[in-house]
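Letters go in sequence order (proteins before strands), and every chain restarts at 1.
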Protein chains: 2
Amino acid sequence: MRKIADSTVRRLSLYLRFLEEFEGQGIETISSGALAGRGGTTSAQVRKDLSFFGSFGKRGLGYSVPELVQALHQILGLTRHYRVALIGAGKIGSALVENRGFRRRGFDFVAIFDRDPAKIGRALGGVQVEDVAQLEASLTRTHADIAVLVTPPEVAQSVADRLVHLGIKSILNFAPLQLVVPANVTVKTVNLALELEALAYHLANPN
Amino acid sequence: MRKIADSTVRRLSLYLRFLEEFEGQGIETISSGALAGRGGTTSAQVRKDLSFFGSFGKRGLGYSVPELVQALHQILGLTRHYRVALIGAGKIGSALVENRGFRRRGFDFVAIFDRDPAKIGRALGGVQVEDVAQLEASLTRTHADIAVLVTPPEVAQSVADRLVHLGIKSILNFAPLQLVVPANVTVKTVNLALELEALAYHLANPN
DNA sequence: GTAGCTTTGTGAAACATTTCACAATGCTAG
DNA sequence: CTAGCATTGTGAAATGTTTCACAAAGCTAC
């Protein structure tokens, strides 16, 4: 498949969210313009984004909401569940595990690791926290698809190396640094300090 | 000032982090290549990013670490502190407030709001949680620069409207929807489900 | 002072993404 | 069946971002 821009994938994900909302309201059909208005983009952008994957609408009419929902599930790979391992059971980590929304969308936390003996053995969102020393032993059994990394920055890279070695291909990284991984591993980094600094920049340099 | 790409601002923020680390190690001077290697980009990109704001290096030698740190602080608007209001004192919200890193970087939480009577009156990170009904009264006194919005999606837009009406110009949004705000207000949205879906896409469509 | 080495700063080229604009299509009404 | 309207799908144009490549500059050694 032709290379798709990350920005396109993210927008598709947004469209899907809106479409599910429309579907819940019993709306049958929607135009690219209406979808765009809801997602802060333009109708041409919506049509172009979808056109990379096929032709889902009817000219003159728009898109069938249920059909497009189904198509986007297919495109985004959401027709199956994903097994997620959490490394770091601190405040952010536990907030993620206990978030109902992820499970509803097919992301199941199947293993949780921490270094702190006070946390090991306790249950979070129905999963028992294991010693991060057991990472290899446990993940070999568990077969996680995605790792969520919420460790202190000092150990993030070495944990990432171990995850890569275990065959993990997708990492969601909350540690405030740039992970170095092989090209076939996808990392998405969420860096909150960086978001705040981008806001500070806009306050300091209003257009 | 000429319009600077968001991607450039974000990279500058990353460079600053690495530079502070180098500074802590007593390193005096660094080349664009060394900075790039650390940040997953290229030396040309580093030089181009900096060139939008001036000329900070010495040919043949590189950049003085302390000087560049200082320059980036200036550029990013980090020479002063920012007053941050948190709306939503749930798990993610409290994890943010109690994070030492933000305060260290000059982002001070000065007000916290929630709807839940069980939370109102309790202190989080040294700040007392107020009833979100008091938003207007309290923020008029407090003069926050930045709002961090961690409410359920149903109320996020209406709270955002109230914040905009209070004169807030920068919002960091964790609610999983697209906020509609006037053009002079900057919103950065952190949508974790969307990040996971982007990872799912890459698992479903490996290149 | 000069040669040799290194590294910046920056136009220009290459590449990527978004927007435009319009032919093609399908629906509705009469 | 035809006219009129709405809306898609998509090349082409416009715009935005990254990479290239090289002259300019500064340091070191002698």
Side-chain angles (χ1 to χ4, degrees), chain A residues 1-15 18-19 22 27-72 75 178 183 198 201 207, chain B residues 1-15 18-19 22 27-72 75 178 183 198 201 207:
Chain A
M1 176 176 307
R2 165 153 164 226
K3 176 79 187 322
I4 300 297
D6 198 62
S7 50
T8 294
V9 175
R10 298 172 68 89
R11 279 192 303 268
L12 291 177
S13 197
L14 268 181
Y15 302 156
F18 302 140
L19 285 165
F22 289 130
I27 295 168
E28 283 296 322
T29 269
I30 191 165
S31 71
S32 57
L35 196 47
R38 205 60 178 50
T41 177
T42 66
S43 63
Q45 182 81 79
V46 170
R47 297 199 302 278
K48 185 62 104 179
D49 285 341
L50 293 172
S51 78
F52 293 129
F53 298 94
S55 171
F56 304 102
K58 283 208 169 53
R59 294 175 190 224
L61 190 59
Y63 300 87
S64 150
V65 172
E67 277 175 28
L68 194 50
V69 164
Q70 144 106 54
L72 286 176
I75 291 166
Q178 193 76 12
Y201 171 81
N207 294 330
Chain B
M1 176 176 306
R2 163 151 166 227
K3 176 78 188 323
I4 301 297
D6 198 61
S7 50
T8 294
V9 175
R10 298 171 68 90
R11 280 193 302 269
L12 291 177
S13 198
L14 268 181
Y15 302 156
F18 302 141
L19 286 165
F22 288 130
I27 295 168
E28 283 295 323
T29 270
I30 190 164
S31 70
S32 58
L35 196 46
R38 206 58 180 50
T41 178
T42 66
S43 62
Q45 181 82 79
V46 169
R47 297 198 301 277
K48 184 62 103 179
D49 285 341
L50 292 172
S51 77
F52 293 129
F53 298 94
S55 172
F56 304 101
K58 282 208 170 56
R59 295 174 188 225
L61 189 59
Y63 300 87
S64 150
V65 172
E67 276 174 30
L68 194 49
V69 163
Q70 143 105 56
L72 286 176
I75 291 166
Q178 193 76 11
Y201 172 82
N207 295 328

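- Residues in residues 29-46 of chain B take part in these salt bridge (Lys or Arg N to Asp or Glu O under 4.0 Å) pairs, two or more places apart or across chains: B:Glu21-B:Arg38.
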Can you give me every donor-acceptor pair (side chain of residues 39-49 of chain B, partner residue at least two apart or in another chain, under 3.5 Å) with its distance?
residue : atom : partner : partner atom : Å
B:Thr42 : OG1  : B:Gln45 : N            : 3.2
B:Ser43 : OG   : B:Arg47 : NH1          : 3.4
B:Gln45 : NE2  : B:Asp49 : OD1          : 3.4
B:Arg47 : NH1  : B:Ser32 : OG           : 3.2
B:Asp49 : OD1  : B:Thr8  : OG1          : 3.4
B:Asp49 : OD1  : B:Arg11 : NH2          : 2.9
B:Asp49 : OD2  : B:Arg11 : NE           : 2.7
B:Asp49 : OD2  : B:Tyr15 : OH           : 2.7

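- Listed by residue number, the members of residues 6-14 of chain A with any heavy atom below 4.0 angstrom from DNA chain D form an empty set.
- Nucleic acid contact for B:Thr41: none, since no nucleic acid atom lies under 4.0 Å from a heavy atom of the residue.
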Can you give one letter per nucleotide of nucleotides 7-16 of chain D, 5' to 3': B if a protein heavy atom sits under 4.0 Å from the base, S if only from the sugar-phosphate, - if neither?
-> BBBBBB----
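- In this structure, the side-chain contact (heavy atoms from CB on, under 4.5 Å) partners of A:Ser13, at least two apart in sequence or on a different chain, are A:Leu76, B:Leu194, B:Glu197.
- Note on residues 51-61 of chain B: no pairs pass side-chain hydrogen bond (donor to acceptor under 3.5 Å, both in side chains), not counting sequence neighbours.
- Interatomic distance, A:Tyr201 OH to B:Leu72 CG, rounded to the nearest 0.5 Å: 12.0 Å.
- Counting only residues at least two apart or on different chains, no side-chain hydrogen bond (donor to acceptor under 3.5 Å, both in side chains) pair has a member in residues 61-71 of chain B.
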Before giving the answer on side chain to side chain contact (heavy atoms under 4.5 Å, CB included), spell out for A:Ile75 and A:Val9 the whole-Å C-alpha distance, their side-chain angles and the decisive distance to 0.1 Å.
-> CA-CA 9 Å; A:Ile75 291 166; A:Val9 175; over 6 Å; no
Test side chain to side chain contact (heavy atoms under 4.5 Å, CB included) applied to A:Ile27 and A:Leu19, step by step = CA-CA 9 Å; A:Ile27 295 168; A:Leu19 285 165; over 6 Å; no
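- For DNA chain D, each stem of at least three Watson-Crick or G-U pairs (distances under 3.5 Å) is given as range with range: C:1-30 with D:1-30.
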Checking side chain to side chain contact (heavy atoms under 4.5 Å, CB included) for the pair A:Val69/A:Phe22: CA distance, chi angles, key distance, verdict?
-> CA-CA 10 Å; A:Val69 164; A:Phe22 289 130; over 6 Å; no
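- The shortest distance between the side-chain N/O atoms of B:Gln45 and the OP1/OP2 oxygens of D:dT19 is below 4.0 Å.
- When side chains are defined from C-beta on, B:Leu35 counts as touching B:Leu68, because their heavy atoms get closer than 4.5 Å.
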